[in-house]
Amino acid sequence: MGSYEAAARLAANDPEYFWLQAARRVSWTKAPTRALDDSAAPLYRWFPDGELNTCFNAVDRHVLAGRGTRTAIIYDSPLADAKRRISYDELLDQVSRFAGVLATLGVGVGDRVVIYMPMIPEAVVAMLATARLGAVHSVVFGGFAPAELAARIDDASPTVIVTATCGIEPSRVIAYQPLVEEAIALSTHKPSATVVFERPQVPVAVGERTHDWHALMADAAPQACVPVQATDPLYILYTSGTTGKPKGVVRDNGGHAVAMAWSLGNVYDIGPDDVWWAASDVGWVVGHSYIVYSPLIVGATTVMFEGKPVGTPDAGAFWRMIDEYRINGLFCAPTAIRAIKKEDPDALLLADYDISSLRALFQAGERLDPDTYHWAVNHLQVPVIDNWWQTETGWAIASNMRGLEPMPVKPGSPTVPVPGFDVAVVDGEGNVVHAGVEGSIVIRLPMPPGTLPTLWGDDQRYIDSYLTTFPGYYTTGDGGMIDADGYVYVLGRTDDVINVAGHRLSTGSMEAVVASHPLVAECAVIGVQDQLKGQIPRAFVVLKSGALIEPEQLQREIVQSIRHEIGAVAALKEVVIVPGLPKTRSGKILRRTMRGIADGRPEAVPSTIEDIRVLEAIAPLLGGSGQG
Ligand code: COA
Ligand code: AMP
């Protein structure tokens, strides 16, 4: 029996033993004597009697172990023309003082801190300082507009918001303070203070409740770590669901620390002496887990890159980074590789750099298409490892376990379930299907440590959204199959969530914005294939009778309101006026059928002749740019 099979069996048959062993990688103020608490099933808790501080695990313990001079964070920003190395000693100083700042502003155990920041080290400092106080952070991706930020402020009711004066995109500098002010004006809950980190590009504007980060830090008293229960929340991360209201995924302290400590070595084969780069953003789950917590808990060096794979300055940016920092493992979304491939199809720029330090390329966040896989393998000459997971799980559900036991790669599959995840494919009735048969991918409960215990303040929504369709299982929302060798294939979402350039978005929230246009009678937004971004949203609208507007004008207005209400990241650029939308007898729009036709696989037929006619009329408009 190989190491993978042994670990998977042990995690399945004796989870108490398996996870208490894994928990030894974490420093506890009170070590847990139990792993799983199933007393409130189907809501599960891990390490119910453990007590720890996550920031202590990510920072202090490395300094105490004599590794303080080791580089914790390498920051490289072609957009800000800045580079910095931050040692664990320096990180401890920054984090403990910023925790002092937050404490002075009234943040205590269990209070929330919303962090709306670009990819700068201070975002990590703010996250860790919050954790240090036993408080709960909620990082909001900088590409979201004020209305989305406001929705998160209302749900999380933070004591403090931490932001910066700007984010930087290749085409523009985005002043954040006006966005935060607009969000606070929109929200019902009003935070008591905002702390703004001034960047050289935009000066800070202080006010009655708005403070300058630098000024506060100048007289801040360092704050010690506050131990919390393992089951206490560490963070809330909002993610898109089927409806417009984002879901506040909760992460606990203990289970999360254990999963983060266990996975970096076992899944990604990265240890304390390695340099690791997750080319994501702190606003996404990949950023939380693999830019911040996992590498820092392990004591490795983590790389923060504020730039794009292409155009900052060219398609050699990633190779320059690997060369310059001797990076051992790179994790990014397939979109990033597709962007590089599009600019430099023969990877000619690789010749300018030495990427021999790289041991593997990890891909996640969206489906890794075989073309991209083969291109990366051929040019980089390292294993290219697909891993599948989601905000809710916090770490990989299925992967090739590079540290535990590397396995043969099958292009199109993220390989096998990670030990602790009992993955199955079920049909519409919840029956497990045979190998090779497509269905809904589910995970048998309980899921392992590190996965969401619930949604913020809404156990019932957690149960309704994930645990009810197939009792005994967590529904991932992804469809796919498992082959005879046990390899998992993820073929796409079964709900209205779409994945645009590795960014998870809800078509439901886009539809709400499109439908609010005064001339729109009804609409549907579906994801269509796109060669660069994987999927892009396309809006189909039926105009109110008698409405007169040029299609270009309508498109401009709708695109603008999507950017204003959701954010540029929604990337909705195409609006198509159609005579009607196909519907079921009860009047529900046949989005699945529309999606199926767009993807070249019609799944259901409309029930009326009229709808067949509608569908025929709009079918040529459904296809994505990937299909010409
Ligand atoms: N703040 C403000 N705006 C942002 C933003 C941020 N943090 N991130 C993206 N945007 C804006 C972009 O400027 C762009 O605006 P535009 O329509 O005015 O040009 C829009 O949102 C869409 O952004 P994006 O989808 O990222 O497209 P892009 O053309 O800027 O870049 C890629 C394309 C493929 C290079 C880029 O999407 C990429 O690197 N993707 C990888 C995603 C990733 O790491 N995901 C995490 C999961 S692992
Ligand atoms: P997010 O919560 O933003 O991480 O998005 C999670 C969703 O992205 C999953 O439910 C999948 O639909 C998709 N996804 C993530 N990783 C992969 C992968 N390796 N293969 C296919 N789809 C993926």
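Atoms within a ligand are numbered from 1 in the order they appear, just like the ligands themselves.
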Taking the ring of [Y] and the ring of [X], is the distance between their centroids below 6.0 Å?
| X | Y | result |
| --- | --- | --- |
| W395 | F421 | yes |
| Y268 | Y290 | yes |
| W277 | F318 | yes |

Looking only at protein heavy atoms, which one is nearest to [atom], and what is the separation?
| atom | result |
| --- | --- |
| atom 20 (C) of ligand 1 | A568 O, 3.4 Å |
| atom 15 (O) of ligand 1 | R172 NH2, 3.4 Å |
| atom 48 (S) of ligand 1 | V286 CG2, 3.7 Å |
| atom 46 (C) of ligand 1 | S280 OG, 3.2 Å |
| atom 32 (C) of ligand 1 | T335 CG2, 4.3 Å |
| atom 28 (P) of ligand 1 | K308 NZ, 4.1 Å |
| atom 45 (N) of ligand 1 | G502 O, 3.7 Å |
| atom 8 (N) of ligand 1 | F141 CZ, 3.5 Å |

[X] and [Y] ion-paired at < 4.0 Å:
| X | Y | result |
| --- | --- | --- |
| D530 | K573 | no |
| D496 | R595 | yes |
| R444 | D422 | yes |
| E306 | R199 | yes |
| K245 | D155 | yes |
| E552 | R556 | no |

For this session: Quick one: do Y235 and R251 satisfy side chain to side chain donor-acceptor pair (under 3.5 Å)? Show the steps, please.
Result: CA-CA 5 Å; Y235 70 75; R251 198 78 61 211; 2.8 Å; yes

I want to check something: taking the side chain as every heavy atom from C-beta on, are V162 and M117 in contact at a cut-off of under 4.5 Å?
yes

Would you check if T507 and P537 make a side-chain contact, meaning some heavy-atom pair closer than 4.5 Å? no

State whether the shortest distance between N or O atoms of [X] and N or O atoms of ligand 1 falls below 3.5 angstrom.
| X | value |
| --- | --- |
| D281 | no |
| W284 | no |
| K533 | yes |

Counting from 1, what ligand 1 atoms have a heavy atom of [X] closer than 4.0 Å?
| X | value |
| --- | --- |
| V569 | 21 (O) |
| A279 | 44 (O) |
| A501 | 25 (O), 37 (O), 40 (N), 41 (C), 42 (C) |
| K573 | 17 (O) |
| I174 | 2 (C), 3 (N) |

Judged by heavy atoms only, the candidate from E343, E169, M119 nearest atom 13 (O) of ligand 1 is E169

For ligand 1, which part of [X] has a heavy atom less than 4.0 Å away: the side chain, the backbone, both, or neither?
| X | result |
| --- | --- |
| V310 | neither |
| R563 | side chain |
| P309 | side chain |

With F141 as partner, the option from Y116, Y238, W284 fulfilling ring pair (Phe, Tyr, Trp, His ring centres under 6.0 Å) is W284

Requested in this report: Step through the shown structure and confirm whether more than 12 heavy atoms of other residues, nucleotides or ligands are within 6.0 Å of NE2 on H564.
Outcome: no

Near ligand 2 (heavy atom, under 4.0 angstrom), the protein residues are V285, G365, E366, R367, D386, N387, W388, W389, Q390, T391, D478, V490, R493, N499, R504

Discussion item. Given 3.5 Å as the limit, does a donor-acceptor pair link the side chain of N328 with the main chain of W276, or not?
Written reply: no

### atom 34 (C) of ligand 1 touched by protein (heavy atom, under 4.0 Å)
yes

Rounding to 0.5 Å, atoms OG (S187) and CZ (R152) come to a distance of 13.0 Å

